[in-house]
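All of these numbers come straight from a predicted model, not from anything done at the bench.
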Amino acid sequence: MEKFIVIISFIAKWLLFAFPLYQAYIELSEQERVVGRFTKKSKKYPKISPWYWILPPLKLELEKKRGIAILSESLISNKDFEEAIVFGRKATAWFYVALAGMLEGITAIYELAHAFDYHINFLMLILLSVLMVIICVVNIRHRIKNVDIKRFREKLKETRKK
(Lines give C-alpha, C1' and ligand atoms only; values in the text may rest on other atoms or scores of the structure.)
Protein backbone atom coordinates (compact mmCIF):
# COMPACT_ATOMS: atom_id res chain seq x y z
CA MET A 1 0.00 0.00 0.00
CA GLU A 2 2.86 2.35 0.84
CA LYS A 3 4.39 1.96 -2.65
CA PHE A 4 1.02 2.61 -4.26
CA ILE A 5 0.68 5.87 -2.30
CA VAL A 6 4.19 6.94 -3.30
CA ILE A 7 3.39 6.28 -6.97
CA ILE A 8 0.17 8.30 -6.75
CA SER A 9 2.05 11.10 -4.98
CA PHE A 10 4.69 11.08 -7.74
CA ILE A 11 2.03 11.44 -10.44
CA ALA A 12 0.13 14.13 -8.52
CA LYS A 13 3.21 16.24 -7.89
CA TRP A 14 4.27 16.20 -11.52
CA LEU A 15 0.72 17.09 -12.57
CA LEU A 16 1.00 20.04 -10.21
CA PHE A 17 3.95 21.13 -12.30
CA ALA A 18 2.58 20.39 -15.76
CA PHE A 19 -0.85 21.98 -15.60
CA PRO A 20 0.07 25.30 -13.95
CA LEU A 21 2.75 25.55 -16.64
CA TYR A 22 0.02 24.81 -19.20
CA GLN A 23 -2.10 27.60 -17.68
CA ALA A 24 0.85 29.99 -17.91
CA TYR A 25 1.15 29.05 -21.59
CA ILE A 26 -2.55 29.78 -22.09
CA GLU A 27 -2.22 33.17 -20.37
CA LEU A 28 0.74 34.11 -22.55
CA SER A 29 -1.18 33.01 -25.63
CA GLU A 30 -4.01 35.33 -24.61
CA GLN A 31 -1.50 38.13 -24.05
CA GLU A 32 -0.19 37.47 -27.56
CA ARG A 33 -3.72 37.86 -28.93
CA VAL A 34 -4.25 41.16 -27.09
CA VAL A 35 -0.83 42.53 -28.03
CA GLY A 36 -1.41 41.39 -31.60
CA ARG A 37 -4.31 43.84 -31.87
CA PHE A 38 -1.80 46.67 -31.56
CA THR A 39 0.78 45.62 -34.07
CA LYS A 40 0.87 44.55 -37.66
CA LYS A 41 2.40 41.22 -38.56
CA SER A 42 5.89 42.64 -38.59
CA LYS A 43 9.24 40.91 -38.58
CA LYS A 44 10.32 43.66 -36.20
CA TYR A 45 8.66 41.71 -33.36
CA PRO A 46 9.14 38.00 -34.13
CA LYS A 47 7.30 35.53 -31.94
CA ILE A 48 9.24 33.95 -29.11
CA SER A 49 9.82 30.25 -29.72
CA PRO A 50 7.64 27.92 -27.61
CA TRP A 51 10.74 25.83 -26.90
CA TYR A 52 11.75 28.50 -24.39
CA TRP A 53 9.20 26.79 -22.10
CA ILE A 54 12.07 24.44 -21.23
CA LEU A 55 13.44 27.52 -19.41
CA PRO A 56 10.19 29.17 -18.26
CA PRO A 57 11.70 32.23 -16.53
CA LEU A 58 13.52 33.13 -19.74
CA LYS A 59 10.34 32.58 -21.80
CA LEU A 60 8.34 34.87 -19.52
CA GLU A 61 11.03 37.57 -19.59
CA LEU A 62 11.35 37.48 -23.39
CA GLU A 63 7.56 37.65 -23.83
CA LYS A 64 7.36 40.55 -21.38
CA LYS A 65 10.06 42.54 -23.19
CA ARG A 66 8.45 41.86 -26.57
CA GLY A 67 5.00 42.87 -25.32
CA ILE A 68 6.21 46.09 -23.72
CA ALA A 69 8.14 47.04 -26.87
CA ILE A 70 5.07 46.51 -29.05
CA LEU A 71 2.72 48.31 -26.68
CA SER A 72 5.04 51.28 -26.10
CA GLU A 73 5.38 51.80 -29.85
CA SER A 74 1.64 51.52 -30.43
CA LEU A 75 0.70 54.53 -28.29
CA ILE A 76 -2.30 52.84 -26.73
CA SER A 77 -4.48 53.97 -23.86
CA ASN A 78 -3.67 53.12 -20.25
CA LYS A 79 -6.67 50.77 -20.13
CA ASP A 80 -5.46 48.79 -23.15
CA PHE A 81 -1.93 48.70 -21.76
CA GLU A 82 -3.14 47.35 -18.41
CA GLU A 83 -5.30 44.74 -20.16
CA ALA A 84 -2.30 43.48 -22.10
CA ILE A 85 0.05 43.44 -19.12
CA VAL A 86 -2.36 41.58 -16.79
CA PHE A 87 -1.92 38.38 -18.80
CA GLY A 88 1.82 38.49 -18.25
CA ARG A 89 1.26 38.88 -14.52
CA LYS A 90 -1.08 35.89 -14.50
CA ALA A 91 1.43 33.83 -16.47
CA THR A 92 4.15 34.75 -13.99
CA ALA A 93 1.96 33.70 -11.06
CA TRP A 94 1.14 30.37 -12.73
CA PHE A 95 4.82 29.87 -13.44
CA TYR A 96 5.63 30.12 -9.73
CA VAL A 97 2.89 27.62 -8.93
CA ALA A 98 4.46 25.34 -11.57
CA LEU A 99 7.89 25.91 -10.03
CA ALA A 100 6.59 24.75 -6.65
CA GLY A 101 5.10 21.69 -8.38
CA MET A 102 8.43 20.98 -10.05
CA LEU A 103 10.25 21.14 -6.72
CA GLU A 104 7.65 18.79 -5.26
CA GLY A 105 8.13 16.55 -8.30
CA ILE A 106 11.87 16.37 -7.66
CA THR A 107 11.23 15.22 -4.10
CA ALA A 108 8.72 12.70 -5.46
CA ILE A 109 11.43 11.17 -7.67
CA TYR A 110 13.61 10.68 -4.60
CA GLU A 111 10.72 9.28 -2.54
CA LEU A 112 9.76 6.88 -5.33
CA ALA A 113 13.31 5.57 -5.64
CA HIS A 114 13.54 5.22 -1.86
CA ALA A 115 10.22 3.35 -1.66
CA PHE A 116 11.55 0.75 -4.11
CA ASP A 117 14.92 0.52 -2.29
CA TYR A 118 16.81 2.07 -5.16
CA HIS A 119 19.74 4.32 -4.27
CA ILE A 120 19.63 7.50 -6.31
CA ASN A 121 22.56 9.90 -6.46
CA PHE A 122 22.41 13.64 -7.08
CA LEU A 123 23.29 13.42 -10.79
CA MET A 124 20.63 10.78 -11.42
CA LEU A 125 18.07 12.90 -9.55
CA ILE A 126 18.90 15.90 -11.74
CA LEU A 127 18.78 13.86 -14.95
CA LEU A 128 15.43 12.29 -14.06
CA SER A 129 14.07 15.70 -13.08
CA VAL A 130 15.12 17.22 -16.40
CA LEU A 131 13.56 14.25 -18.20
CA MET A 132 10.26 14.81 -16.35
CA VAL A 133 10.31 18.53 -17.18
CA ILE A 134 10.87 17.71 -20.86
CA ILE A 135 8.02 15.17 -20.80
CA CYS A 136 5.70 17.77 -19.25
CA VAL A 137 6.68 20.46 -21.79
CA VAL A 138 6.19 18.05 -24.71
CA ASN A 139 2.77 17.14 -23.25
CA ILE A 140 1.81 20.82 -23.11
CA ARG A 141 2.97 21.43 -26.68
CA HIS A 142 0.98 18.38 -27.81
CA ARG A 143 -2.16 19.60 -26.03
CA ILE A 144 -1.88 23.11 -27.49
CA LYS A 145 -1.09 21.86 -30.98
CA ASN A 146 -4.02 19.42 -31.04
CA VAL A 147 -6.70 21.86 -29.91
CA ASP A 148 -8.97 22.11 -32.91
CA ILE A 149 -11.56 24.80 -32.25
CA LYS A 150 -13.42 24.17 -35.51
CA ARG A 151 -13.82 20.47 -34.72
CA PHE A 152 -15.00 21.34 -31.20
CA ARG A 153 -17.62 23.76 -32.58
CA GLU A 154 -18.86 21.09 -35.00
CA LYS A 155 -19.28 18.65 -32.11
CA LEU A 156 -21.23 21.29 -30.18
CA LYS A 157 -23.54 21.85 -33.14
CA GLU A 158 -24.11 18.09 -33.49
CA THR A 159 -24.89 17.82 -29.78
CA ARG A 160 -27.39 20.68 -29.96
CA LYS A 161 -29.15 19.06 -32.91
CA LYS A 162 -29.68 15.86 -30.91
Side-chain angles (χ1 to χ4, degrees), residues 1-36 39 41-72 83-152 155:
M1 180 68 162
E2 206 172 295
K3 289 179 181 179
F4 177 71
I5 297 300
V6 171
I7 291 169
I8 290 173
S9 176
F10 173 84
I11 293 168
K13 288 175 180 178
W14 280 104
L15 288 174
L16 287 172
F17 165 70
F19 284 95
L21 193 61
Y22 179 55
Q23 183 65 35
Y25 184 95
I26 291 168
E27 296 292 343
L28 280 179
S29 296
E30 183 63 18
Q31 180 184 22
E32 176 67 30
R33 187 188 63 74
V34 170
V35 169
T39 185
K41 296 285 183 187
S42 169
K43 292 185 180 183
K44 185 175 180 180
Y45 303 108
K47 288 187 176 186
I48 307 299
S49 170
W51 286 106
Y52 278 105
W53 277 114
I54 293 173
L55 301 168
L58 181 58
K59 171 72 170 169
L60 292 169
E61 186 61 30
L62 292 173
E63 290 286 358
K64 178 181 173 185
K65 285 181 181 180
R66 179 177 178 268
I68 289 173
I70 291 169
L71 294 173
S72 65
E83 179 185 353
I85 294 301
V86 75
F87 295 111
R89 290 180 181 156
K90 288 179 185 177
T92 300
W94 280 113
F95 163 72
Y96 282 108
V97 173
L99 179 63
M102 183 185 72
L103 295 174
E104 283 287 330
I106 293 169
T107 64
I109 292 171
Y110 181 83
E111 291 166 356
L112 186 65
H114 183 73
F116 285 92
D117 296 322
Y118 180 78
H119 176 70
I120 187 168
N121 63 30
F122 182 73
L123 181 60
M124 183 61 79
L125 180 64
I126 296 300
L127 289 174
L128 290 172
S129 298
V130 168
L131 176 65
M132 288 303 298
V133 168
I134 290 170
I135 289 169
C136 290
V137 169
V138 168
N139 176 42
I140 289 167
R141 292 291 303 144
H142 175 74
R143 287 179 174 282
I144 294 294
K145 190 176 180 180
N146 288 329
V147 170
D148 187 353
I149 300 297
K150 289 179 184 177
R151 188 175 61 193
F152 182 70
K155 285 183 179 180

_Selection residues 99-117 - residue pairs positive for side chain to side chain donor-acceptor pair (under 3.5 Å), sequence neighbours left out_ = K13-E104, K13-E111
*Does the S9 side chain pair with the main chain of I5, one donor and one acceptor, at a distance under 3.5 Å?*
no
_For A113, all residues meeting side chain to side chain contact (heavy atoms under 4.5 Å, CB included), sequence neighbours excluded_ = Y118, I120
*Mind checking side chain to side chain contact (heavy atoms under 4.5 Å, CB included) for I8 and listing every partner two or more places apart, or none if nothing turns up?*
F4
*asked:* Working to the nearest 0.5 angstrom, can you tell me the gap between L21 CG and I26 CD1?
replied: 10.5 Å
*Looking at residues at least two apart in the chain, or sitting in another chain, which of them share a side chain to side chain contact (heavy atoms under 4.5 Å, CB included) with V97?*
P20, W94
*Give the C-alpha distance, both sets of side-chain angles, the deciding distance and a yes or no for side-chain contact (heavy atoms from CB on, under 4.5 Å) between I134 and V138.*
CA-CA 6 Å; I134 290 170; V138 168; 4.2 Å; yes
_Any residue meeting side chain to side chain contact (heavy atoms under 4.5 Å, CB included) with L16, in chain and number order, not counting sequence neighbours_ = none
*Rounded to the nearest 0.5 Å, how far apart are CG of L128 and CD1 of I106?*
10.5 Å
*Is there side-chain contact between F122 and I126, with at least one heavy-atom pair below 4.5 Å?*
yes
*Output, in order, the C-alpha distance, side-chain angles, deciding distance and verdict of side-chain contact (heavy atoms from CB on, under 4.5 Å) for V6 and F10.*
CA-CA 6 Å; V6 171; F10 173 84; 5.6 Å; no
_Heavy-atom closest contact (I140 atom, Y22 atom, distance)_ = CD1-N, 3.6 Å
*Between atom CE of M102 and atom CG of L99, what is the distance when rounded to the nearest 0.5 Å?*
5.0 Å
*Which atoms form the tightest heavy-atom contact between F17 and A98, and what is the distance?*
CD1-O, 3.0 Å
